[in-house]
Structures are given as C-alpha cells and as structure tokens.
S.K.: 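Input: one structure, supplied below.
These numbers come from a predicted model, not from an experiment. Worth knowing before you read on, the calculation uses all heavy atoms, side chains too, and leaves out hydrogens, waters and symmetry mates. We name chains A, B, ... by the order of the sequence lines, and we start the count at 1 in each one.
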Protein chains: 4
Amino acid sequence: MSSTWGNKIKISIFGESHGKAIGVVLDGLPAGEPIDFDAVALQMARRAPGRDRSSTPRREADLPTVLSGMLNGKTTGAPLCAIIENTSTKSGDYGNLDIVPRPGHSDYPAFVRYEGYNDVRGGGHFSGRLTAPLVFAGAVCRQILERRGILIGAHVASISTVQDDAFDPVQIPEELIRRLSSVYFPVLRAGAEAEMRQVIEQARLALDSVGGVVECAVIGLPAGIGGPLFGGIEPMLASMLFGIPACKGVEFGAGFGAAQLHGSENNDPYEITEYGEIHTKTNHAGGILGGISTGMPVVFRAAFKPTSSIGREQDSVNLQTGKNTKLNVHGRHDPCIVPRAVPVVEAAAAIALLDMVL
Amino acid sequence: MSSTWGNKIKISIFGESHGKAIGVVLDGLPAGEPIDFDAVALQMARRAPGRDRSSTPRREADLPTVLSGMLNGKTTGAPLCAIIENTSTKSGDYGNLDIVPRPGHSDYPAFVRYEGYNDVRGGGHFSGRLTAPLVFAGAVCRQILERRGILIGAHVASISTVQDDAFDPVQIPEELIRRLSSVYFPVLRAGAEAEMRQVIEQARLALDSVGGVVECAVIGLPAGIGGPLFGGIEPMLASMLFGIPACKGVEFGAGFGAAQLHGSENNDPYEITEYGEIHTKTNHAGGILGGISTGMPVVFRAAFKPTSSIGREQDSVNLQTGKNTKLNVHGRHDPCIVPRAVPVVEAAAAIALLDMVL
Amino acid sequence: MSSTWGNKIKISIFGESHGKAIGVVLDGLPAGEPIDFDAVALQMARRAPGRDRSSTPRREADLPTVLSGMLNGKTTGAPLCAIIENTSTKSGDYGNLDIVPRPGHSDYPAFVRYEGYNDVRGGGHFSGRLTAPLVFAGAVCRQILERRGILIGAHVASISTVQDDAFDPVQIPEELIRRLSSVYFPVLRAGAEAEMRQVIEQARLALDSVGGVVECAVIGLPAGIGGPLFGGIEPMLASMLFGIPACKGVEFGAGFGAAQLHGSENNDPYEITEYGEIHTKTNHAGGILGGISTGMPVVFRAAFKPTSSIGREQDSVNLQTGKNTKLNVHGRHDPCIVPRAVPVVEAAAAIALLDMVL
Amino acid sequence: MSSTWGNKIKISIFGESHGKAIGVVLDGLPAGEPIDFDAVALQMARRAPGRDRSSTPRREADLPTVLSGMLNGKTTGAPLCAIIENTSTKSGDYGNLDIVPRPGHSDYPAFVRYEGYNDVRGGGHFSGRLTAPLVFAGAVCRQILERRGILIGAHVASISTVQDDAFDPVQIPEELIRRLSSVYFPVLRAGAEAEMRQVIEQARLALDSVGGVVECAVIGLPAGIGGPLFGGIEPMLASMLFGIPACKGVEFGAGFGAAQLHGSENNDPYEITEYGEIHTKTNHAGGILGGISTGMPVVFRAAFKPTSSIGREQDSVNLQTGKNTKLNVHGRHDPCIVPRAVPVVEAAAAIALLDMVL
C-alpha cells in the first residue's frame, strides 16, 4: 500500500500528525519553472485550520521549507522536497486511541493493518494534516499548468443540506475561476456562505459536525488529453481525489444524475462556434469522453463525509479488554472541513492533470 | 496514457472492437490456482450482449482462448493471456465516424488525441466490447478471492428513475451475493426487474437510451486491507471502476449522501458481537476507514450514463468541412447497458481487491 | 515478480515455450507510426533458430500476428498486441524436468518459486523462445526511433575466447550500423565469423556449448536524454538487458575496463568540432554521464553465458526421491545462442530508449 | 526521468549537494521493525568522506534526522523520511561549472537536459553525496532482511590493477560477511588494503584518480525469490546498482567470464548435501537462474570508474563562447571512491532484495 502516486510526476507524501515534520517529494517536474511562493502561501493558508470559528483551533504556521529541487526561484528538474515542521502538537490528548478506537476514524483498521505499531497520535499518517503537503504540491503544479493556460477553481457546492449554485459547465469564465481559487470560503451564490456558516455553527454548538460537496472546474485544458480505460482523466483524477481523507464520492459532469437522463438528453451535441472552434452545446460529459478531454470545461464533484471528530459521547470498544465502552473526546473540534477541502481538491486535480499534460 | 493497471497484479487490456481480437494479460497471479472455466463462461455470458430485447443484437460467442499462464486447469504463475476473436463485425456501418463524431462517444477527443490514426470502427479501443477481457480477468481473480473467503456481488440499483432496494450494508448474506453474481439482471426487490425492463423497452421504442446505477458489495474481506492516501481501497477501486466505459460516478458507503449527514449519524459505532468480534452497528463508511477495510461489507455504487448510441437524429459537426451537420446512426442499438455492467463492476472490484489482498 | 516493464511504454510479455502462443502487448506507442513488416520479419529471422548448423534444429515460422493497435499499416495509439503461435513443439522431450532439474536452467528455482505449478515444458515462460516477442516489440520501436534519427546496431564481440574488433566509440558510421543490424552473424573484423563458427562447431561436436559477448551501439541519440539515479540510461537499459535469458553481465563504455584506468585517461575531454558542435575526443563514458546522453554514441556490452542445454551427462538430483542422480538430455542442442542474441540486445535497447525518448 | 524506484518498497531520493538538505522517503516498509540507529550510523560512517587520506577532505556529520515513519524505535508502516542537512558547503568553488563542463561529470548533459536550470553546485542532484540517503535506506532495509536471515557484505575486489581475492561463491561464511560489512576498507586478502592504499596515494600525488570493482555477496536468501524476464533478481539489482553514480558495469556470478566458459564448465551441477538440502557444487550462476534465487550465495560485482574530479588541467569547452578552453579545478580531491562505494553497493542490494522478499 502506497503514499506514492503518479506516472510522469511521482509524488510521495510522508509524515505523521505529531511527528517531527510532514512533507512531500515531487519528482518529474520540468526544469526552469518559476514558482511564486506568495501564491503557494495563499493556497496553504486556504487549507490551514484556525482561520475562523468554523475550523479547529490548532493554528499551524504550515510554512513549507523547500529542501531541494529549487534554485533562484525556479525548479531545477531534480526532485522537489518540501517539509512542514510540526511544532504545537500536544500528544497527550490522544493517549488511548490505540485502545479505544474513535468511530469514523482509521484507528481500528489501521491498528489491525499495522499490528499496533502505527503512530496514532492525531491520526498519525492518516491525519487530515497530511493534506498540507498535498496542497503545497498542487500549488506548485497549478502554476506550471497556468503557464500552459490551464486554470483550476472550486467552490463549496453544499454543506449539509444547504446548496450553492452549480457551475454552468458550458461557460466558466476565467475571472470566476481566479476568484474562487483565491478565497477561503468560495461559493457561487450570494448568501450561500452565510447559510452554510450557520449550519456549521449549529453543528459546532451541538458538539457535532457536517459534511459537504466540493465542485471543481478545470478550464483551458485542450482537447485530446487523457486516454482509454485506466489511463483516462476520470480514473487518474479519482485515484487522487479518493486519496484525500474523508472523500467518499466522486462524479464527473452530470455524474450520478446522468444515470437518470435519457441518451438524447445526456449526449452533448457538437457545433462549430463563430470562431470556427468545435464545442458542445451542453456539457453533461464534464469535458471528458472516453477518458479524454473534449476541450470543454472539466467539471467534477467530490463528496466529503462529516468530520469524524465530534464532541459527543460515542459507542466504541476497548481493544485490550474486548469489552464495549463509551468514548468521549474532549477539547474543541472542527465541525466542518469542507471549505478547507476546496484547495485540497484543486491541488489534487492540479497534480493529476500535470501528470497527464506533460 | 495507459490501458495497463496494477501493482502486484498487472493487467494489460488490448484490442479494438473490429480488430482481429481483443484480450488481456494478467501478470502476477499466484501459481497453482485452479480456474473453473464454467464459472468464467457464466460471467462472460452475463456481460455478453444479445441475451434479450434489452440489449444489442450483435451476438458474440465471446469464448476466450487462454494462450498462456494455465496448465492442467491451474495457473502456472506466468502471465495469463486470453484472447477473444472478433468474428461477426460489419465495419461498413461505421464508415464516416472519423468525419462526423457521434455525441457522447469518444470519437472527437480520440480523433484529436490520436491525430486521426485511431481505429474508429465500432469505437475501436474505446468500445464497451473491451469490457469482455475485463470480465474474463475478473472471473479469474474472483475465484482466487473466493478461495480466500472473499465474495463479490452486485445488483442493478436503478435504471433511469426506477429504484431497486439498497443493500443493508451491515448484513449481507452469502446466499444473496451468490445469487446476484450468477444471474443476468440481478435485483433485490421483487418486481424491480419488470419495471426496469419496461423503462428500457420504452427507451428502445423511442430510439433512445437510459442509464443507471450498479451497487456492489464485497463480503469476507478481513479488516486491515488497504492503506492511507493513494493506496487506499477507494482510490484503487475507483481507478478501476472509472476505467469502465460510461462510468461517470463512484461512491463508497453513504457516499454523496454522507455529505448531508451529521457526524453523529455518519460515524459507525463499534461493538463487540456475541462471538467476540468487533464490528460496527451501522456501515455508512462502506467498510472502509482511512482507506483500510474495517471487516464490514465493502459497499459502493457506480453510475453509468445512458448509452451514447441512440437512433435519433443528433447535431454534430463535419471535421473535414468544418460545418455543422446532422447525424443519423441507423440500425438497432442497445438502449441500456446497465444490467450488463453488473458483472463488469464485479470484475473490476475483483481485480483491484486481489491486487491488494495478495 | 513481473514480466511487465516500462514507464511511457509499457511492455508485457506472455507465453510459454510449449503453450498455445507467445506474444507481447506494447502500450503507449505514438499513433500514426507506419510499421514496415518486412523490416520486422528481418529482425524476427535474425533471432529465429535453425538458420544454420550453429543453432538448434527446431524451425519456427515465428510469423507474428498483430491482433490490435495497427490499422492500415500504422499504429493507432491503442495497445499493440502480437502473438506467435507455437506449432511444432514436441512436449514429450521434456517429461521429467520437474523431477530432475537441468543444471544451468531455471528448472529448480522455478519449481520452488511456483511450487511445482509452472509449465516446465521447453523451459516454459523462462524459455529463450520468449525473446521472439521481445524482438518483435523492439523491431516496432526501432522503426519509430529511426524516424527520429536514432539507429541501433550490434555485433558479436566474442564467442568463447575468439574476439571480434571493438567499436571505435567516437566514430560509428551509419552505414556500419545499418549493415550490422540487418545480417545474421554481424562482426566487425573480416574472418571473425569463420573463427567463431569453428569454435561453435567444435562445441557442438563435443556435445557442449559456448557463450559470448554482444557489443551494441546507438547513434543519433541527442544529448540530454535520461536522468539521475534510477532514471538514468544505464539502469533503464540494464533492467531490460538483464531480462534477456542467459545475460549475466552488462557494461557501458569502458565498463569494467574503466575500473583499471586513471581519471586522467578515462575522463573524455570536450572539444568544439569544426561544425560548432560539442563532442568528446574519447568516449570511455559510452555516451552517458550522470545517466544522461552526451550526444556521443551510446556503447555497451552484454555477456551471455554458454547455452545451458548440453548433450553431456551431468550431475543432478531427483526432487521426488531426494537422491543424487545423473541427467542425460538427448537430441540436438543449440551450442551457441550469441549470434541470435544480437537482435535481442538491439531490441531491448530500442524499447528502453523509446521509453526515454518519447 | 525518475529518482524514484521500486514495487513493494518505493524509494524516493531527493536533494542537491549544496542545497538545504538531502534525504530519502521509503514507502512500503513493514510495521513494527525495530531499527538500530547505531548500526545505521556505522553504515553512514563507512560511506562518509574524510576518514583518511584516501578520501575527500570535506567532513560531513551526515547524521540523518528521521522525520516520519518511526515511533519508539520501530517502523510504523507509514513512509519513513530521513534528511541530512548540508552544512559545510562552499558553493563558491563551483562558480562556472555551468559554463565550462568538467570532463567525466554530468555537467554538460545535465545542462542540455535541464536547459541550464539544474543546480550545478557540487554536482547538484548528480553528486555522489546523494549516496548518503541511499546508504541510510539500505541500512534500514538490511536490518529487516537480517531479521529474516539474509545478510549482505561486500569487499573491494580491485583498485586500479591491484586485485583482492575473490569470494568462494559456494561457501561464504556468515562471520566473513559480518566482518566485511562493518569495516571501512574491507578486503579478503591480507595485504591487499596496503597495496590498494599505495595506488590511491600515488594517484593523489599525481593529482589523478583511480577506479575499482566491488564484489558483493548475499547469503541466506532462500531459493525461489525473483521471477522471469524483467522481474528477475539481475534486472532488479542492476537497475539499483547502475543508479549509483560512477557505476559502469555489473555482472552476476561468473559474469563476463562466463562468456568464455563452456556450458559443461559453467553449468552448476546439483547435489544433495548430507543434511538433505539441494545445493550446487559450483556457483557460476551467482545464485540466480532464470532470474530466481537458487538458495546458493548471490554474488555480483559492480565496476566504478575513476573519480571524475582530478587536479590536472583538462580540455573542455566554454558553453557561452563556444570556444575550446582549458579547465583547472583547484582544491583537494578524492582520488578513489571505491572503498566508500562498498556500503553503497550493499545498501542498493538491501533495498532491491527487500522489495523482492516482502
């Protein structure tokens, strides 16, 4: 089993929540690509917890240190390694997770998988904190993609039952993508953020949590990227997206909704634009046919389950005594990670697409 | 881009719809595994078109010939190659697909990707017919899994708006899985098949098509299989499932529905059974936490868009003249591939899981 | 363990010596590449046994059938599968190899590895016959390389103690490479072939066998191909070359000889040619520094042990009884495979380099 | 091109000679393996330069910091990352290497490959210093192998024309392997070290350098490890060994010498030992037949060219002016890296074999 991914780009993520550091190695990047670290820091900040009451109180500097692969602000073509040191962790909080597994977390299956030798503090290698190096890697990759005219942006499509508007998959303006990909809680519909924050606050007060859906768009991807079967855009993107902790569903274009359409509705008719370009009048395909980009926006959604860490008492078992028991995890918790998952989804898409574009 | 997949098991699928043959190479199988070819033939028959009025009239023998990797009915440990010869294809039907691409098919993006050199006849390497070697490979893998106590079965969860019942993800009897995985149009709810067939027949008469959802369960998978990040069961299964033509969505456990639950609802509480085993009282996780199996049934759904081939006139473009045009594809078509997708989903799951179990 | 190789090009070789067929899948080839099958047949013929008294009497047609990936004489971009049917095999000859392993063959370790389930007839998947699909794959790849100006040719550098001349690694004319890569027993020195054939004939009459060394050159490879550490030309080529049965040594440039040189001798000084190009005055590096091509000819040697099949009585053991025994393998044998290994070495180089060049 | 390697074990090496740090990620290690860091430090010290007059004066602490994958002295099963900070580097020494490439180094081809964006200081990612994380990774892997009864040890087989004795490949005592793998300048023949040091010192005084050969043995590897074609022990080991900078040749067993033997000499006859075990009376195969271990010691040699850094004036070119020029590199240099290559070879073998054994 592997924390390594990729074909032309190899990405290797390492670290545990309460270890010395977490980080990432990116092998296969083209040489000579300037990297804007303010833009990287912006993406890191979008993912970082502790920005507002919706998120967990642990404040992470999360400033990555680049150890290799960069010189004078540009990639060298050698593997790029960046690490983020863990500083303000209090391991005492997690003392007996190896004995009483938390429902919804990896505690129990990881205990079986690693025969009890895994680092359970803060979720160890399974912690959502491991998405920080992923966002870093994605922030590097998206700059390289942007230089080739490919932009990625996502929004919070829903939190619990509160819905944002959906993308118009036929026409997604560059300005919209730029805005979405640079703010903390991106939505399309005015008022959606306030409603969503209210649901999150209610969950927080109830010592509970809520999940949601992130909708992501890629514009500027030329037709002809991807391939059949397991080399298609869908399998490549999905193998990245399902690697994000808490992601339990992925759909492209009309997705599960397409299953309820007729072929005459779902098929996207072609037409020649006034500029002589081929496009489709609708985009139920989400910009992908046969695993290959059509030149239309690539649109997909990723579903995130509600945060497993909640303040309520839950039923569990004691792995030592073999008895049923009650579990209470004290301290403040993060009632909704979905807004912070937006840059993670964008990052995953950036890495997967750069692998296919190069 | 790659029609090759896998880590411990390497699977390589080849062939075009109207070429000499299609087939598969499976490298990494354990040696000495007896393979029951009647069971293989049953799975091939479940996928084969032409069984009833719901499917395409092309009758394929689809009897695979094993070229290597088997001796005296057992695997040798060397790569197993099997081919299926293409016999009754009429290439004339597809004459100008390279000029006027069919909406919903890979014709246009593949034309761009391969600069017009790809084999467009019958969809070429993008044809649904390529799922035949996938089913063969899965039929081999599932026998090896079954010998280790792991069973896989799926049903038609919906066709268009007609819903079947869902699995009870906590308790899925072996008899149910055995029944589902051996019939052509498996459903849980009495009457569901008839309703679904009616919707399919209506679509056929309207020269249209319908999509649907396949729900699949894996039982007997022990806790502790899988791993974090990209090595998890979800990314591994999804990278296979999204390789199936027409698959546009994949979700595990409560999936997109989990995004609307609270953590206190979605978290699956542990308990010790009367037999001293650890299980969860609910199974919103679909048997997977942190990418690792919990020992509960693994449950997931795959959404299939309606068949792109329809009998109605559609808008398209002429790639030679650069003009808009109308496209009419004559001949009978397959109004719904979802029942035939059931064994394909099971096969994909079998291959991905064997890769992780070995 | 895997019969699959590659990054951008994935090659999967299958088949057993006495099974139905052997073959290869090549995934990742560019689309639209015309393939000259006369040139392919020439390479197949160079490898085929039975051409003269030096080789084994089994005459193989070895005409590959392309099942997929080609249309109108050009690659389609889909996986290219070709098979070679096994016709004239007499399995009876190999009856008890699973009981009394032949010295020098894979019989014993394969018996342990596959717990006796492997196909031992004719060496099964370990047979030198598996180099036929490798030569086919290489014959396809070298045509694609040649279109990019890269040519590959090799000669028999030695048979037993008879030496051919060595390449002048600084200057290798295109005409020489074209001649070497199109004949059966290529040598540089007039008279070398006759001397070598004499040694081979002596071995044959003595019911014995001889080994030898193949020296291979690649010209036209531009500077800048390859990479550091495991992505270098040496590791990539070596992982292919050591995959050829009977290959026990590989060296690049001065190779083992470089270990006896001083740095001041071994370092290749640069100079600007009269045409303004950078080259090196000597080429002890074999055209590779830091794993990357320098633009000079790539030169390497592969050592082949003497054929393990000999006509003499040998000591072995009976795996059933656990007793020491004598082994006599009757019938004619191939006293030297080195001339036939030449096109195999060229093919391996072609596949590995195309993977790096694409 | 890739600094990443492996199947079950994924190893990713990063860093440049004069960057912030170098390091390695090891993914796929089994959980619960205790790691003795004194033993690790011993291996690091064996590779470190500056131990005696034979080596380069740069003294590196080279103490690796483990960032992840370890807890309470044992592996957690999560990716193990260790870094070594670069402290005492003087970059000024390497000012114009991007303009006047050093003969024998990667300077010129890397300049072409990375279009001048690579870090040339100290050789950058191509520096021999990158073998430090490789030795670290190997030191971890060899402890896991040793726990399974598999030991690895090597000696300096030759420096320039001075030869050490060779292993008796049939019988290699555990005590010998333990001694060789724990000292700095391991040899088999008394007096060999003194003679070799004299040759090295002569080279140093002449501002020159010498190369050599390392011979390595693996004992305790059971029969049946490995596989056919590209999955064999030879290709797997060679793809690692040729990843070591300056390695230009690899041979297994009798290697290039086997090419001069007759089959009746080279074939290793089997016999049953007095303990009822199957072994071979000779071991020209180096413990590998058909890519699979025979249970006999695995023996191989790796040839290292003389250090490219020498103190003499050399011919080179100025890449900016396009003119021929003279190059003088001042400062002390390392006249022979072969003794320090011994632990690197052992480490490479440990990583490759653990990948195959797991």
S.K.: I'd like to know which of D/D208, D/L130, D/T131 tops the heavy-atom pair count under 4.5 Å against chain C.
M.R.: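 Highest number of heavy-atom pairs under 4.5 Å: D/D208.
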
S.K.: When you measure from the side chain of D/N267 to the backbone of C/S308, do you find a donor-acceptor pair of N or O atoms at a distance under 3.5 Å?
M.R.: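 Yes: the side chain of D/N267 pairs with the backbone of C/S308.
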
S.K.: Please confirm whether the backbone N or O of D/G322 pairs with a side-chain atom of D/N318, one donor and one acceptor, at under 3.5 Å?
M.R.: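 Checking the backbone N and O of D/G322 against the side chain of D/N318, no donor-acceptor pair under 3.5 Å is found.
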
S.K.: Indicate the ring-plane relationship of C/F300 and C/F252, choosing parallel, tilted or perpendicular according to the 30° and 60° boundaries.
M.R.: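 The rings of C/F300 and C/F252 sit tilted, inter-plane angle from 30° to 60°.
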
S.K.: What is the ring orientation for D/Y270 with C/Y108, classed by angle as parallel under 30°, tilted 30 to 60°, or perpendicular over 60°?
M.R.: perpendicular

S.K.: Examine whether an atom of D/T307 lies under 4.5 Å from a heavy atom of chain C, and if so say whether it belongs to the side chain, the backbone or both; otherwise answer neither.
M.R.: backbone

S.K.: D/I244 versus chain C, heavy atoms under 4.5 Å apart: side chain, backbone, both or neither?
M.R.: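 Neither part.
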
S.K.: Determine the option with the most heavy-atom pairs under 4.5 angstrom with chain C, choosing from D/V112, D/I292, D/L134.
M.R.: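 Ranked by contacts with chain C, first place is D/I292.
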
S.K.: I need the residue from D/P245, D/A258, D/S209, D/G291 with the largest number of non-hydrogen atom pairs under 4.5 Å to chain C.
M.R.: D/S209

S.K.: What option among D/A238, D/A203, D/A206, D/G212 has the most heavy-atom pairs under 4.5 Å with chain C?
M.R.: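 So the answer, after comparing D/A238, D/A203, D/A206, D/G212, is D/G212.
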
S.K.: Do D/T282 and D/D268 meet the criterion of a side-chain donor-acceptor pair at a distance under 3.5 Å?
M.R.: yes

S.K.: Name the option with the most non-hydrogen atom pairs under 4.5 Å to chain D; the candidates are C/A223, C/P103, C/S106.
M.R.: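 Top option by heavy-atom pairs under 4.5 Å: C/P103.
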
S.K.: Has the side chain of D/Q260 got a donor or acceptor atom that lies under 3.5 Å from a matching backbone atom of D/G257?
M.R.: no

S.K.: Name the region of C/Q314, side chain, backbone, both or neither, that has any atom closer than 4.5 Å to a heavy atom of chain D.
M.R.: side chain

S.K.: Shorter than 4.5 Å, heavy atoms on both sides: which option in D/C247, D/A246, D/G253, D/S239 has the most such pairs with chain C?
M.R.: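 Highest number of pairs under 4.5 Å: D/S239.
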
S.K.: Of D/N324, D/D107, D/V100, which meets side chain to side chain contact (heavy atoms under 4.5 Å, CB included) against D/S316?
M.R.: D/V100

S.K.: Side chain, backbone, both or neither: which part of C/I310 has a heavy atom under 4.5 Å from chain D?
M.R.: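 Side chain only.
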
S.K.: Is C/F256 atom CZ crowded by more than 12 heavy atoms from other residues, nucleotides or ligands, each under 6.0 Å away?
M.R.: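 Counting other residues, nucleotides and ligands, CZ of C/F256 exceeds 12 neighbours.
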
S.K.: Counting heavy-atom pairs closer than 4.5 Å to chain D, which one of C/E115, C/E251, C/K248 comes out on top?
M.R.: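 Highest number of pairs under 4.5 Å: C/K248.
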
S.K.: With chain D as the partner, which of C/T294, C/V210, C/V162, C/V250 has the greatest number of non-hydrogen pairs under 4.5 Å?
M.R.: C/V250

S.K.: Measure D/S293 against the heavy atoms of chain C and call it side chain, backbone, both or neither at under 4.5 Å.
M.R.: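 Contact with chain C involves the backbone of D/S293 alone.
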
S.K.: If you tally heavy-atom pairs under 4.5 Å against chain D, which of C/T280, C/L207, C/L261, C/L241 wins?
M.R.: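 Most heavy-atom pairs under 4.5 Å with chain D: C/L261.
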
S.K.: Non-hydrogen atoms of chain D under 4.5 Å away: do they reach the side chain of C/K281, the backbone, both or neither?
M.R.: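 Contact with chain D: side chain only.
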
S.K.: For the pair C/M196 and C/V156, evaluate side-chain contact (heavy atoms from CB on, under 4.5 Å) and give the outcome as yes or no after the intermediate values.
M.R.: CA-CA 9 Å; C/M196 289 170 173; C/V156 181; 3.7 Å; yes

S.K.: Report the option among C/I11, C/V213, C/I278 that has the most heavy-atom pairs separated by less than 4.5 Å from atoms of chain D.
M.R.: C/I278

S.K.: Between D/G211, D/G224, D/G290, D/A259, which residue shows the highest count of heavy-atom pairs closer than 4.5 Å to chain C?
M.R.: D/A259

S.K.: Under 3.5 Å, side chain of D/N118 to main-chain N/O of D/V120, donor-acceptor pair present?
M.R.: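 Judged by distance alone, no pair lies under 3.5 Å.
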
S.K.: Quick check on D/Q202 against chain C: is it the side chain, the backbone, both or neither that has a heavy atom closer than 4.5 Å?
M.R.: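 For D/Q202, there is no contact with chain C at all, as no heavy atom is under 4.5 Å.
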
S.K.: Could you check if a side-chain atom of C/L289 sits within less than 4.5 angstrom of a side-chain atom of D/H105, using non-hydrogen atoms only?
M.R.: no

